[in-house]
Amino acid sequence: MAEPSCSPLAASRFFVALRPDVLASGRLGRLAAELGTRCRGRPLAARDLHLTLAFIGELPLAEGDRLVALLAGLPAKHPGFALDEIGRFGPALLWAGPSEDPPWIAPLVDAVRERLRAGGVRFDARAFKSHLTLVRNARDRAAVGTAIAHLDPKRAHPVSTWRLAVGGSHPEPTPERRYLWRRLPDIEAAGTERRHRSVK
């Protein structure tokens, strides 16, 4: 992905995350907007929704490409699972997450963090908790309390596919685009392309 025009000294707050598929992110974006209105908070836009695997922190913007290279070879696409919990961190942040993690996610977190360690990249090493932030800075604390719920299967929020990506704060943010994303190459697609080239 091409970098936006900005100062060569520009920095970004980086993280490695799973992004939901387009249909799911649209539905979750509408949920975030609804909860943001109800709780008088700041909802995340659909394109910004993500589930963080490792938070890295501030680095020069150009380091994003190196982070992608460190993760090269890890699967880019991952199976879906439903978000059936609405929870909160502190009094003002609402999130959606699974009541039970799929078996593949803990090994993926370990693999991502090991790649970062091997590359000399520092990150927040606290225990992983699957959550996708929906609303920040909620001012109506009573509404936040009533939003917390365990959802039955009919009301859960399905995600059909998750994609691994490197995210970072955008140097020119807007309410609809706070993060700059770098996708990891799809291993299967890359392998297919190499096979096609080899037979030409």
Side-chain angles (χ1 to χ4, degrees), residues 1-22 24-26 28-29 32 42-80 89 93 95-97 104-134 136-137 159 161-194:
M1 180 174 183
E3 302 287 4
S5 58
C6 58
S7 163
L9 300 179
S12 182
R13 290 167 59 83
F14 285 105
F15 52 90
V16 181
L18 291 171
R19 300 181 72 194
D21 63 85
V22 173
S25 62
L28 290 164
R42 179 163 61 86
L44 269 72
R47 67 186 296 169
D48 287 338
L49 295 170
H50 63 275
L51 193 155
T52 300
L53 305 181
F55 179 76
I56 296 166
E58 188 168 295
L59 292 172
L61 187 62
E63 284 290 282
D65 291 338
R66 186 172 82 90
L67 295 175
V68 171
L70 288 175
L71 301 176
L74 293 179
K77 292 182 180 179
H78 297 271
F89 290 142
L93 186 147
W95 53 263
W104 55 263
I105 201 166
L108 177 62
V109 172
D110 291 343
V112 165
R113 295 182 177 195
E114 183 54 39
R115 294 290 188 93
L116 295 177
R117 287 191 193 95
V121 178
R122 295 182 178 182
F123 59 90
D124 185 340
R126 74 182 71 183
F128 172 72
K129 164 64 178 173
S130 293
H131 72 282
L132 183 149
T133 298
L134 296 170
R136 296 192 177 107
N137 306 121
V159 177
T161 306
W162 296 89
R163 178 173 279 276
L164 189 63
V166 172
S169 52
H170 201 289
E172 300 171 354
T174 70
E176 297 302 317
R177 184 207 60 212
R178 296 185 179 277
Y179 301 121
L180 181 66
W181 295 102
R182 293 172 175 82
R183 292 172 56 165
L184 270 69
D186 189 304
I187 295 174
E188 292 183 3
T192 301
E193 183 179 341
R194 285 194 295 270

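In this chain, residues are counted from 1 in sequence order. Being a predicted model, the structure only gives us computed values, none of them experimental.
Heavy atoms only, all atoms of each residue included: A76 and P185 are closest at CB-O, 3.6 Å. Nearest heavy atoms, V112 versus A54: CG1-CB, 4.2 Å. When all heavy atoms of A32 and P43 are compared, the closest pair comes out as O-CB, 3.2 Å. Shown here for S25 and P20, the closest heavy-atom pair between the two residues is CB-CG, 4.0 Å.
When atom types are taken as modelled, the side chain of D21 and the backbone of T161 share a donor-acceptor pair closer than 3.5 angstrom. With hydrogens and angles ignored, the 3.5 Å screen pairs a side-chain donor or acceptor of T174 with a backbone N or O of R177. A donor-acceptor pair is defined here as one N or O able to donate and one able to accept, closer than 3.5 Å; such a pair exists between the side chain of S12 and the backbone of S169. Put simply, the side chain of R19 gets close to the backbone of R47: a donor and an acceptor are under 3.5 Å apart.
Counting heavy atoms from C-beta outward, L18 and T52 have side chains that stay 4.5 Å or more apart. Looking only at side-chain heavy atoms (C-beta outward), L53 and L51 come within less than 4.5 Å of each other. Here the side chains of W162 and P79 are not in contact, with every heavy-atom distance at 4.5 Å or above. Put simply, the side chain of L134 reaches to within 4.5 Å of the side chain of L132, judged on heavy atoms. Counting only heavy atoms from C-beta outward, the side chains of L116 and I56 approach each other to under 4.5 Å. Side-chain contact between S130 and I105 is present, with at least one heavy-atom pair separated by less than 4.5 Å.
The list of side-chain hydrogen bond (donor to acceptor under 3.5 Å, both in side chains) pairs with a residue in residues 67-77, not counting sequence neighbours, is empty.
Taking R13 as the reference, nothing meets the side-chain hydrogen bond (donor to acceptor under 3.5 Å, both in side chains) condition, with sequence neighbours excluded. Scored by the side-chain hydrogen bond (donor to acceptor under 3.5 Å, both in side chains) test, H131 finds no partners at all (sequence neighbours excluded). In this structure, T133 has no side-chain hydrogen bond (donor to acceptor under 3.5 Å, both in side chains) partners at least two apart in sequence or on a different chain. Qualifying ring pair (Phe, Tyr, Trp, His ring centres under 6.0 Å) partners for H50, counting only residues two or more places apart in sequence or in other chains: F15, Y179, W181.
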**Message:** Run H78 and R163 through side chain to side chain contact (heavy atoms under 4.5 Å, CB included) and show every step you take.
**Reply:** CA-CA 6 Å; H78 297 271; R163 178 173 279 276; over 6 Å; no

Can you give each donor-acceptor pair under 3.5 Å made by side-chain atoms of residues 120-128, sequence neighbours left out, with the distance rounded to 0.1 Å?
| unit_1 | atom_1 | unit_2 | atom_2 | d |
| --- | --- | --- | --- | --- |
| D124 | OD1 | R126 | N | 3.0 |
| D124 | OD1 | R126 | NE | 3.1 |
| D124 | OD2 | R126 | NE | 2.8 |
| D124 | OD2 | R126 | NH2 | 2.9 |

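Exactly one of E176, R178, H170 qualifies for a side chain to side chain contact (heavy atoms under 4.5 Å, CB included) with D48. That residue is R178.
Within the model, atoms CG of L184 and CZ of R182 stand 11.5 Å from one another, a figure rounded to the nearest 0.5 Å. Atom NZ of K129 sits about 6.5 Å away from atom CZ of F89, to the nearest 0.5 Å.
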